[in-house]
Amino acid sequence: MATPEAEHFAALLKELKDRSGRSYGVLAGRLHVSTSTLHRYCNGDAVPNEYAPVERFARLCGAVGDELVEVHRRWIVADAARRRPAGAAVAGAAVPVPAAPAPAPVSAPETAPAPLPAPEPEPPVVVSAPGGGRSPWARLSRRTWVLIAAAGVAALLVPTTVVATALVGSRAEGGAGAPDRADRAAGDASVPPAPAASGAPASPSPSTSPSASSDGPPDGSSAEPGAPGAPGGSVTERSRGGTATGLGAPPAVTISSYNWEEPCGQFYLLDRGPEGVAPPPAPQDRRGWARSYAGVEGGNTLLQLTVQGTSREAVVLKGLYVRVLSRKAPLPWSAYLMGNGCGSGIAPQTFASDLDAGHPVITPVPGTQGDRVVPAVPFPYKVSSEDVEVFNLDMKTTGYDVTWYLELKWSSGGREGMLRVDDGGKPFRTSGMRGRPMYTYGNDEVKWEPYQAG
């Protein structure tokens, strides 16, 4: 049975689809999914595992600006409800309810909130859609907007797979060894910040166990991954004291996709020939498929980060940096293509980095919205519990086998810190594949066949 959150999300998809004037068959063909699957998304029977196809659907239907933000928020809430065990309650979040021109935040209880009484009539917030029309959300009240934003925060704050712990001291580029290549995680990773006592480093959470990997931060301090057996990336905080949420707290970071061009384009390097290699699975299962063969991303890694504040107080994102741990000769393995190279135009907030460089930097890339070119926008950015930023990262290498992770520098309320973003407590790993045998999957009769780059 569809959850209320899924029905709320599906209603928006259906509204966008109807507004576009396109049929389910046409949209499904552009999204590379079946027509029946798209029907299920639009009637609430299913919620996509990844946000990437949702964003492509919204853009195909003409959504821009605030509409795209609303689509993302509803997907976050519906996805969290889908993952929640039956009967489980979601931890409450601070829900500011504007009762006067100078609103005061009201903290919700830690258990599931009681049903709200019917709201008093209030003037609607009028939002203009592109072209001078009315947005699908033009009649939403201010209170509705606040509740939607608070629901998004609650979804991001559900403890899932990773925690943030304070680290002190400077990081020097070290020679930590490459991680066990079979120990790559699959799926999404929600990253709430960890509590920290004022003026002292945060203690590791007692609910998680230390990482079994020897690949720690270069300064020798410990980084705690997510719960044992849980999938996804992780974030570690290096900062000076402070509170877990509110003014002076780090943002929450989610690795919302490990390939934002799904279902197209990603190569994986496997230490075996095409005989006995299973066909590529559905997009949401491909990282687990590669993990079963101890596979490594080939040529580039496409990460999508979602960053959101933990309160209404602004958090400034000052920069995103690459930390390379090791750089070796590229793996002499065969490369297997997961899709047909059918990527669409680049969206804003896209960044690229050359991991082959001595000191890789992350550079903003110009994007497109329809036929309009969007200029590259460098850091800084600003987020809060009501303002979300989504960053697409294209991390490329041709000449090396590289292990690396990211560091996000932030500041809020006179406090600043650095968040480490990695792959479930281990560095990411990407290997060049130039000159390697490449294969693409034809059909059940052809099986894997040599790939010819166009």
Side-chain angles (χ1 to χ4, degrees), residues 32-33 48-50 52-53 83 160-162 177-190 209 211-215 225-234 255-304 326 328 330-341 395 397 401-405 422-433 436-451:
H32 301 277
V33 299
N49 291 312
E50 299 267 350
R83 296 169 183 270
T160 55
T161 61
V162 287
D180 180 358
R181 63 195 181 201
D183 202 9
R184 305 297 300 274
D188 293 347
S190 297
S209 60
S211 171
S213 169
S214 61
D215 295 311
S234 67
I255 299 178
S256 45
S257 176
Y258 284 91
N259 182 5
W260 44 266
E261 281 193 338
E262 289 283 21
C264 314
Q266 179 66 54
F267 276 95
Y268 285 101
L269 289 164
L270 308 182
D271 189 15
R272 62 180 63 204
E275 301 80 10
V277 176
Q284 64 269 26
D285 299 325
R286 286 174 182 172
R287 210 161 185 264
W289 175 93
R291 179 188 178 189
S292 70
Y293 293 110
V296 173
E297 278 97 343
N300 60 349
T301 295
L302 300 172
L303 288 178
Q304 185 177 78
S326 69
K328 305 175 183 178
L331 296 169
W333 299 350
S334 297
Y336 296 84
L337 179 62
M338 294 293 99
N340 296 317
M395 313 298 291
T397 179
D401 172 15
V402 186
T403 56
W404 54 277
Y405 61 87
D422 59 25
D423 190 8
K426 298 176 180 289
F428 299 104
R429 188 178 183 186
T430 313
S431 177
M433 59 180 189
R436 304 301 187 252
M438 293 189 291
Y439 299 93
T440 185
Y441 197 83
N443 52 53
D444 289 337
E445 287 74 32
V446 176
K447 305 292 185 181
W448 290 101
E449 59 184 352
Y451 172 78

**Fill in**
Note: F428 and I255 closest approach over all heavy atoms is CZ-CD1, 4.1 Å
**Message:** For the residue pair S257 / E50, report whether a side-chain donor-acceptor contact shorter than 3.5 Å exists.
**Reply:** yes
**Message:** For the backbone of L269 and the side chain of R436, can you confirm whether one donor and one acceptor N or O come within less than 3.5 Å of each other?
**Reply:** no
**Message:** Please report the interatomic distance CD(Q266) to OH(Y258), rounded to the nearest 0.5 Å.
**Reply:** 12.5 Å
**Request:** For F267, check ring-ring contact (aromatic ring centres under 6.0 Å, His included) against everything at least two apart and list the hits.
**Result:** Y451
**Asked** Just how far is it from atom OG1 of T403 to atom NZ of K426, taken to the nearest 0.5 Å?
**Response** 11.5 Å
**Request:** To the nearest 0.5 Å, tell me how far R272 CZ sits from W333 CH2.
**Result:** 10.5 Å
**Request:** Give the minimum heavy-atom separation between E449 and G442, together with the two atoms involved.
**Result:** OE2-CA, 3.8 Å
**Prompt:** What distance separates S292 OG from L270 CG, expressed to the nearest 0.5 Å?
**Reply:** 8.0 Å
**Asked** Which pair of non-hydrogen atoms, one from W289 and one from P279, has the smallest distance, and what is that distance?
**Response** NE1-O, 3.3 Å
**Item:** G425 backbone acceptor or donor facing D422 side chain under 3.5 Å
**Value:** yes
**Shortest non-hydrogen contact from W260 toward A52** = O-CB, 3.8 Å
**Asked** Measuring from N259:CG to R286:CZ, what's the distance to the nearest 0.5 Å?
**Response** 8.5 Å
**Asked** Between atom CG of L331 and atom CE of M433, what is the distance when rounded to the nearest 0.5 Å?
**Response** 12.0 Å
**Complete:** By side chain to side chain contact (heavy atoms under 4.5 Å, CB included), P274 pairs with (sequence neighbours left out) Y336, Y439, W448
**Request:** Please lay out, stage by stage, how D423 and Y405 fare under the test side-chain contact (heavy atoms from CB on, under 4.5 Å).
**Result:** CA-CA 8 Å; D423 190 8; Y405 61 87; over 6 Å; no
**Message:** Restricting to non-hydrogen atoms, name the atom on E297 and the atom on Y268 that form the minimum distance, rounded to 0.1 Å.
**Reply:** CG-CE2, 3.9 Å
**Fill in**
Minimal heavy-atom distance between P330 and G432, with the atoms involved, is CB-O, 3.5 Å
**Message:** When you compare the side chains of T430 and T397, does any donor N or O come within less than 3.5 Å of an acceptor on the partner?
**Reply:** no
**Message:** Is it the case that the side chain of R429 and the backbone of V296 share a donor-acceptor pair, with hydrogens and angles ignored and the cut-off at 3.5 Å?
**Reply:** no
